[in-house]
Participant: 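Can you read through this structure? Questions will come right after.
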Amino acid sequence: MADNPEHELEQRRRLLDVASRFPLPNDGGGGAGCRFSYGTAGFRADGATMPPAVCRAGILAAFRSLKLAGAAVGIVITASHNPVGDNGVKIADPDGGMMAQHWESFADALANAPDPDALLQLVLQFAKDEGIPLGSHHTAQVLLGRDTRPTGEYLLDAALQGINAIVGAHAIDMGILTTPQLHWMVRSKNKGVKASESAYFTQLINSFRHMLELVPKDKSGDELANKLIVDGANGIGGVKLEQIKAELSGLDILVRNSGKEGEGILNHMCGADFVQKERVTPHGFSPEDVGVRCASLDGDADRLVYFRVSSASDNKVDLVDGDKILSLFALFIREQLDIINDGSKVNKPLPAKLGIVQTAYANGASTQFLKDLGLEVVFTPTGVKYLHKKALEYDIGIYFEANGHGTVVFSENFISQLESLSKELSSQDDNGSAQYHAVMRLMAASQLINQAVGDALSGLLFVEAILQYRGWSFQNWCELYSDLPSRQLKVKVIDRSSIVTTNAETKVSQPSSLQELIDKETVNYSHGRCFVRPSGTEDVVRVYAEASTQVEADSLAKSVAQHVGRLLG
Ligand SMILES: CC(=O)N[C@H]1[C@@H](OP(=O)(O)O)O[C@H](CO)[C@@H](O)[C@@H]1O
Ligand SMILES: [Mg+2]
């Protein structure tokens, strides 16, 4: 425990005190009688029920930093794409990624500890098991950020009280930020580089400009090429984009649902999740926008999709989802690697293991397209924490969920090889060569893309730079491949956790009869694919179906959703 009895007493007192200030409600927290579960992306529920979970997340984050010898850890208070009344909290590890999964069971136990004594005993036992020095001269630091939700300010204070309950812990409130900004700041702080918001903006703006400088001079886009309308989901992403758009040379950005006071409700009839799931124009867009390239961010700007208003007669959109963003990134990166390793001209090849990571929600056509390119495609369960961890196994790992969560991660080793090759080529006065330019493009890309976590702002700039590099219109991008018709439905049930899945969530093991019913329905459709899983962020069961036609995909999704409703009502 502690090397000093006084410190030990002080630590015990603080923990009992803070736990008594934020007691769990009678239903055990998390709302609707269910317990808090760290889930796909942290604790998330109705904002009014969140203070105990957020306070305990503060304790958890300080503990995590103590365990990691005082390395900075992050707390983000957000509920991402959820309705404005929800809120949530997630922890960023020192590398900027999501908290290591093996700490999630402690997180759940801490969030659901029924009373102060139980919480104290849990903390003391965990500290002993993990060899965490409590109450001594060790320090911890936690960076905090939140989005624009009305419950955010109060919940931030709850997190601060949780952090300060750990002797030696130091909280740094980084302000109202996008989720990726906070993750980037944690990663930067632990890499010993400037971690301020202005440093984040400077890196984005400069690397974007550098990417455009490396666009071959003969590439000319159509007159609409530079115009982009962005749906900011009435969230923090729109606010931040407004702040930097004037610095983004070569882009004429118009932000709607910008998050300005009174313009609209967060994620309501707008935002990346709405556009990706409903495939209709978000609030504020109209048939007058037909033909213009549009993008949509989600409420905390860690998701990005593109779209185009299909026609002047209805509110349908042509969607470019995370799968197609991933494909654009993969094509670009693979092309630069081919130029660098072009056998006829290169003296020293640059071997690179390129990996693509998807989930079961990826459209079958995207996976086929990527495999036909000869790329290695692997699958993980839903949730950035799984895809990011898998992507780190490659020299260059590209991951995206269909809903627009995703990024590119470059290994340190690959970056250092790129740097040496760029020095070698420039010393050979070869900096006009195609190989040198390809090396510089990948280096600029590694600076532009947020390697900590999926980032809608950095992802948008990377897309725009690649479209300009290829001289592509939105139509060219759409034509990469044609999505198989699909449909996603949400089913409200009594207890969604009664569904247990296997095989990266593509099969249901509990209740045992459900998978048989799914298979019986699916076999009736050519190219039929359907799976069911409990949401980790909303109190629903999600149904995903694909088939040869939209009518069939809708029918398959509906029939399976009815089985779910009947079995789990
Ligand atoms: C089908 C879908 O979009 N699921 C989303 C959603 O998770 P669920 O566990 O499905 O609610 O939110 C996660 C966090 O944003 C995101 O990673 C995931 O892809
Ligand atoms: Mg989000």
Side-chain angles (χ1 to χ4, degrees), residues 37-45 76-84 86-90 92 97-98 104 145-149 177-183 232-238 266-267 270-279 296-305 319 321-323 326 357-363 379-390 399-407 450 453-457 459 486-492 496-497 499 501 504-506 530-546 557:
S37 160
Y38 200 75
T40 314
F43 298 120
R44 198 176 290 184
V76 193
I77 296 172
T78 179
S80 183
H81 64 284
N82 287 39
V84 65
D86 287 354
N87 217 323
V89 60
K90 48 185 158 183
M98 305 289 279
E104 287 182 12
R146 69 177 179 90
D147 70 11
T148 54
R149 291 168 188 268
L177 300 166
T178 69
T179 291
Q181 281 182 310
L182 195 277
H183 282 259
N234 291 311
I236 187 62
L266 179 70
N267 291 326
C270 64
D273 194 58
F274 174 80
V275 174
Q276 188 247 344
K277 300 278 191 312
E278 305 305 327
R279 298 194 191 148
S296 184
L297 323 176
D298 79 325
D300 64 334
D302 65 351
R303 290 191 194 184
L304 169 70
V305 294
L319 176 70
D321 63 6
D323 300 332
L326 182 157
V357 191
Q358 294 189 305
T359 73
Y361 288 106
N363 192 281
F379 286 83
T380 71
T382 289
V384 165
K385 59 189 174 186
Y386 301 113
L387 290 101
H388 193 97
K389 185 176 174 190
K390 189 68 186 171
Y399 72 86
F400 265 84
E401 296 184 308
N403 58 33
H405 264 314
T407 191
N450 187 338
V453 74
D455 182 335
L457 298 185
S486 66
R487 179 62 65 198
Q488 281 202 52
L489 296 177
K490 298 179 188 178
V491 184
K492 196 85 176 77
R496 70 185 195 271
S497 64
I499 291 189
T501 60
E505 301 174 311
T506 56
C530 185
F531 68 95
V532 164
R533 55 179 280 281
S535 162
T537 63
E538 298 171 58
D539 192 12
V540 294
V541 173
R542 296 192 191 274
V543 179
Y544 178 82
E546 255 178 26

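Indexing begins at 1, ligand by ligand and atom by atom, following the structure's order. Values below: all heavy atoms of this structure, side chains included; hydrogens, waters and symmetry mates excluded.
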Participant: Can you list the atoms of ligand 1 that are under 4.0 Å from a heavy atom of Y361?
Facilitator: 1 (C)

Participant: Short list, please: which atoms of ligand 1 are under 4.0 Å from a heavy atom of R542?
Facilitator: 1 (C), 4 (N), 6 (C), 8 (P), 10 (O), 11 (O)

Participant: Any idea which heavy atoms bring D300 and P180 closest together, and the distance?
Facilitator: O-CD, 3.5 Å

Participant: Can you tell if the side chain of P534 reaches within under 4.5 Å of the side chain of T501, non-hydrogen atoms only?
Facilitator: yes

Participant: Using a strict 4.0 Å cut-off to heavy atoms of R533, name the atoms of ligand 1 that fall inside it.
Facilitator: 8 (P), 9 (O), 10 (O)

Participant: Quick check on contacts: which atoms of ligand 1 are under 4.0 angstrom from a heavy atom of T382?
Facilitator: 18 (C), 19 (O)

Participant: Identify the heavy atoms of P381 and A504 that sit nearest to each other, and give their distance.
Facilitator: N-CB, 4.0 Å

Participant: Within a strict 4.5 Å, meaning less than it, do heavy atoms of the N450 and H183 side chains meet?
Facilitator: no

Participant: Check ligand 1 against K277 and write out every atom of the ligand that is under 4.0 Å from a heavy-atom position of the residue.
Facilitator: 2 (C), 3 (O)

Participant: If I consider every N, O or S atom in D302, which one ends up closest to the Mg ion (ligand 2)? I only need its name.
Facilitator: OD1

Participant: Any N or O on S535 sitting closer than 3.5 Å to an N or O of ligand 1?
Facilitator: yes

Participant: Output yes when the distance from some N or O of ligand 1 to some N or O of N403 is under 3.5 Å, and no in every other case.
Facilitator: yes

Participant: Taking C-beta and beyond as the side chain, do K277 and R542 meet within less than 4.5 Å on heavy atoms?
Facilitator: yes

Participant: Checking the N or O distance criterion of under 3.5 Å, is ligand 1 in contact with D273?
Facilitator: no

Participant: With heavy-atom distances below 4.0 Å as the criterion, list the atoms of ligand 1 near H81.
Facilitator: 12 (O), 15 (O)

Participant: What's the atom name of the N, O or S in D298 nearest to the Mg ion (ligand 2)?
Facilitator: OD2

Participant: Quick check: does T537 get an N/O under 3.5 Å from an N/O on ligand 1?
Facilitator: yes

Participant: Any heavy-atom pair between the side chains of M98 and H388 that's under 4.5 Å?
Facilitator: no

Participant: Tell me whether S80 has at least one N, O or S atom under 2.8 Å from the Mg ion (ligand 2).
Facilitator: yes

Participant: From the options E401, H405, R303, select the one whose nearest heavy atom is closest to atom 6 (C) of ligand 1.
Facilitator: R303

Participant: Without hydrogens or angle criteria, can the side chains of S80 and D298 be said to hold a donor-acceptor pair below 3.5 Å?
Facilitator: yes

Participant: Just jot down the ligand 1 atoms closer than 4.0 angstrom to any heavy atom of Q488, in number order.
Facilitator: 1 (C)

Participant: Flag the pair K90 / Y38 as yes when at least one side-chain heavy-atom distance between them is below 4.5 Å, and no otherwise.
Facilitator: yes

Participant: Looking only at distances, please establish whether an N/O atom of ligand 1 is found under 3.5 Å from an N/O atom of A41.
Facilitator: no

Participant: With no hydrogens and no angle check, do the side chains of S486 and R279 hold a donor and an acceptor under 3.5 Å apart?
Facilitator: yes

Participant: Any side-chain heavy-atom pair from Y361 and R533 closer than 4.5 angstrom?
Facilitator: yes

Participant: Any N/O/S atom, side chain or main chain, of D300 closer to the Mg ion (ligand 2) than 2.8 Å?
Facilitator: yes

Participant: What heavy-atom pair brings N82 and R44 nearest, and what distance separates the two atoms?
Facilitator: OD1-NH1, 3.1 Å

